[in-house]
Amino acid sequence: MLSLRVLGLETTCDETSAAIVEVSRDGTRRILSNRIRSQIAEHAPFGGVVPEIAARAHVEILDRMIDDALKEAGITMTNLDGIAAAAGPGLIGGVLVGLTTGKALALALGKPLVAVNHLEAHALTPRLTEEVGFPYLLLLVSGGHTQLVAVEDIGKYRRIGTTIDDAIGEAFDKVAKMLSLGFPGGPAVERAAEKGDASRFALPRPLLGRPEPNFSLSGLKTAVRLAAEAVQPLNEQDCADLCASFQAAIVDCIVDRTRMGIRAFRQQVGSPTALVIAGGVGANRAIRMALQRVAMEAGLKCLVPPPALCTDNGAMIAWAGIERLRRGMTDGLDFAARPRWPLDEAAAKPGARA
Ligand code: KG4
Ligand code: ZN
C-alpha cells in the first residue's frame, strides 16, 4: 500500500477547516492536523447561517488555516501527495472558495485534485478511526441531511431511507430558535434537556412503526411550537421539559427508523458489518446511546466518530481524498462545484434534500 499525505479543505457550510491526514504503508492512519474555525459568532445574530457572510468568512481565513495546518503537521506543501476539497453539496459561495483554492494549489504544486462529496466524507469518516469493511449501514444525521444509506464501496451508496421534510439537525435548530436557546440549536437543546422532564409533554412520533425507513420531523416541530404557545410565558423549567420531551420523541423515532433500516439493509444488500453514525447530530449523547442499544440488539458493532469528527471538519475531507486517491480516483481542474450532490444519484424521491 502506498503512503499518502493529503490536505483536506472544508468550506461547504459554516466551518472553515484545513487538515492534513496521512496513511502509512502499513495502513496506519494519522490526523497530523485538523484546524477548524467555526463561524457561529458571525451567524448567531441571524439565528442561522447566512450564505453571503459564510462565503466571505471562508475567503478571509482559508489561506491562513492552510498555513497553520501545514505548520502543525510539520510539513510543507511539497510533502503533500494530493489536495482534497469539498466540492458540494452545500452553500455554493463557500464551496467555491474551498474548491477554487484546492484547484489553485493542485495546479501550482502539480499534485492531483480530489473533488470530495461532503456527504461521502461523513460516510467514510469511521474508516479513518476504526477498522470497518464494506458494506455498512450509515445513519447520516446533520443540519442538512437525514438519511439511512448502505455504504457498499467507495462511490457506491444506496439510499435506504431519508427524511420526507426537515433534517433532524434542522429540527433541533428550529426548536432552539423557537425557545430562544441560541444557535446552533443541537447542543443547546441537549443541555436544556438534561434538566427536563421528558414525560411532561406528549409529542407525536411521526412514522413510528412504518416499514419504509423514512423520517418526518415537521409534525413534531409544529407540536413543540403549539405546546410552547400553550404555556406562554415559558420559564426555564418549562423550556427544559419541552427540550427533554422533544429529544425523547426524536430518540424514539430514530430508534424505530434505524431498526427498520437494518431490516431493509438485510433484505436489499445483505449483512452489514456495522451501524455507523455520522454528521453533527451524532454528537448528541442520548441519540448515541439509543443507537448503541439498537446495534447491540441487531448483533452489530456501532461506530460513532468522536464528536470533533462528527461535525464538519477538514480531516474527513482529507480522508475521503486518501480513499479515492489510493484507488486512482482523481478529478480534473474543470470539476464544477455542486450545491446539490446526492450520495445515491439513482435514488428517487422522497426527500431529495441532498
Ligand atoms: O454535520 P454538521 O456539522 O453540519 C452539516 O449540517 O453538514 O451538523 C450540524 C448540525 C446542526 O443542525 C446542529 O444543531 C446539530 O448538527 N448538532 C446537534 C448536536 N450537535 C450538533 N444536534 C443534537 N445534539 C447535539 N449535541
Ligand atoms: Zn456536514
Side-chain angles (χ1 to χ4, degrees), residues 7-19 34-69 83-106 113 115-122 140-146 163 165-178 180-188 218 221 279-281 310-314 316-317 331 333-342 351-354:
L7 167 70
L9 304 177
E10 163 58 36
T11 56
T12 63
C13 191
D14 59 345
E15 259 97 28
T16 314
S17 181
N34 190 17
R35 312 290 296 193
I36 304 171
R37 185 188 172 273
S38 168
Q39 304 172 357
I40 286 175
E42 282 99 316
H43 300 294
F46 306 93
V49 178
V50 183
E52 289 77 8
I53 294 177
R56 180 166 295 269
H58 289 305
V59 152
E60 281 169 358
I61 201 164
L62 186 59
D63 288 358
R64 204 180 333 142
M65 307 275 306
I66 294 171
D67 277 347
D68 290 349
I83 314 290
L91 302 171
I92 193 68
V95 175
L96 280 168
V97 172
L99 182 58
T100 309
T101 304
K103 285 176 180 176
L105 286 174
L113 171 79
V116 172
N117 179 321
H118 174 94
L119 302 176
E120 175 170 77
H122 275 304
L140 175 61
V141 273
S142 69
H145 305 278
T146 296
T163 178
D165 40 58
D166 293 349
I168 293 181
E170 190 182 358
F172 270 95
D173 293 336
K174 286 180 177 168
V175 164
K177 196 168 181 178
M178 239 181 254
S180 309
L181 291 177
F183 168 84
S218 75
K221 187 188 63 195
V281 180
C310 273
T311 48
D312 293 347
N313 67 89
M316 71 178 191
I317 306 298
D331 296 288
L333 294 180
D334 57 349
F335 193 98
R338 300 187 60 176
R340 293 169 59 79
W341 188 358
R353 289 214 132 245

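Sequential numbering from 1 along the given sequence is applied to the chain's residues. Just so we're clear, the structure is a prediction, and the values are computed from it rather than from any experiment.
Rounded to the nearest 0.5 Å, atoms NZ (K221) and CG (D173) are 11.5 Å apart. To the nearest 0.5 Å, the span separating CG on D165 from CD on E170 amounts to 8.5 Å. To the nearest 0.5 Å, atoms NE2 (H43) and CD1 (I53) are separated by 6.5 Å. The CD1 atom of I317 sits 8.5 Å away from the CG atom of L9 when rounded to the nearest 0.5 Å. The CZ atom of R35 sits 12.5 Å away from atom OG1 of T16, with the distance rounded to the nearest 0.5 Å. Atom CD1 of I83 and atom CG of L113 lie 8.0 Å apart (nearest 0.5 Å).
Across all non-hydrogen atoms, the minimal contact from N117 to P342 is ND2-O, 4.1 Å. Taking both residues in full, the closest heavy atoms of A69 and A18 are given as CB-O, 3.6 Å, listed atom of the first, atom of the second, then distance. Scanning all heavy atoms of the two residues, the minimum distance from T146 to A167 falls at OG1-CA, 3.3 Å. In plain terms, the two heavy atoms of T311 and G280 that are nearest each other are CG2-CA, 3.7 Å. In plain terms, the two heavy atoms of A86 and E10 that are nearest each other are CB-OE1, 3.6 Å. In terms of heavy-atom proximity, V49 sits nearest to P51 at O-CD, 3.5 Å.
Side-chain contact between L91 and T12 is absent, with no heavy-atom pair separated by less than 4.5 Å. Side-chain contact check for I66 versus L7: some heavy-atom pair is nearer than 4.5 Å. Side-chain atoms of H122 and D312, non-hydrogen and from C-beta on, do get closer than 4.5 Å to each other. Residues P89 and H118 meet the side-chain proximity criterion, which asks for heavy atoms closer than 4.5 Å. P339 is not listed as a side-chain neighbour of V95, based on a closest heavy-atom distance of 4.5 Å or more. At a threshold of 4.5 Å between non-hydrogen side-chain atoms, the residues H145 and L119 count as touching.
For the pair H58 (side chain) and C13 (backbone), a donor-acceptor distance under 3.5 Å is present. Within the 3.5 Å criterion, the main-chain N or O of G279 finds no donor-acceptor partner in the side chain of S142. Here the side chain of S17 pairs no donor or acceptor atom with the backbone of N313 at under 3.5 angstrom.
By the ring pair (Phe, Tyr, Trp, His ring centres under 6.0 Å) test, F183 is found to be paired with no residue, residues two or more places apart in sequence or in another chain being considered.
Using a cutoff of 4.0 Å between basic side-chain nitrogens and carboxylate oxygens, E42 and R37 are scored as salt-bridged.
When each of T100, L105, L99 is paired with K103, the side chain to side chain contact (heavy atoms under 4.5 Å, CB included) condition holds for L99 and for no other.
Annotation: side-chain hydrogen bond (donor to acceptor under 3.5 Å, both in side chains) contacts involving residues 45-56, sequence neighbours excluded, are absent.
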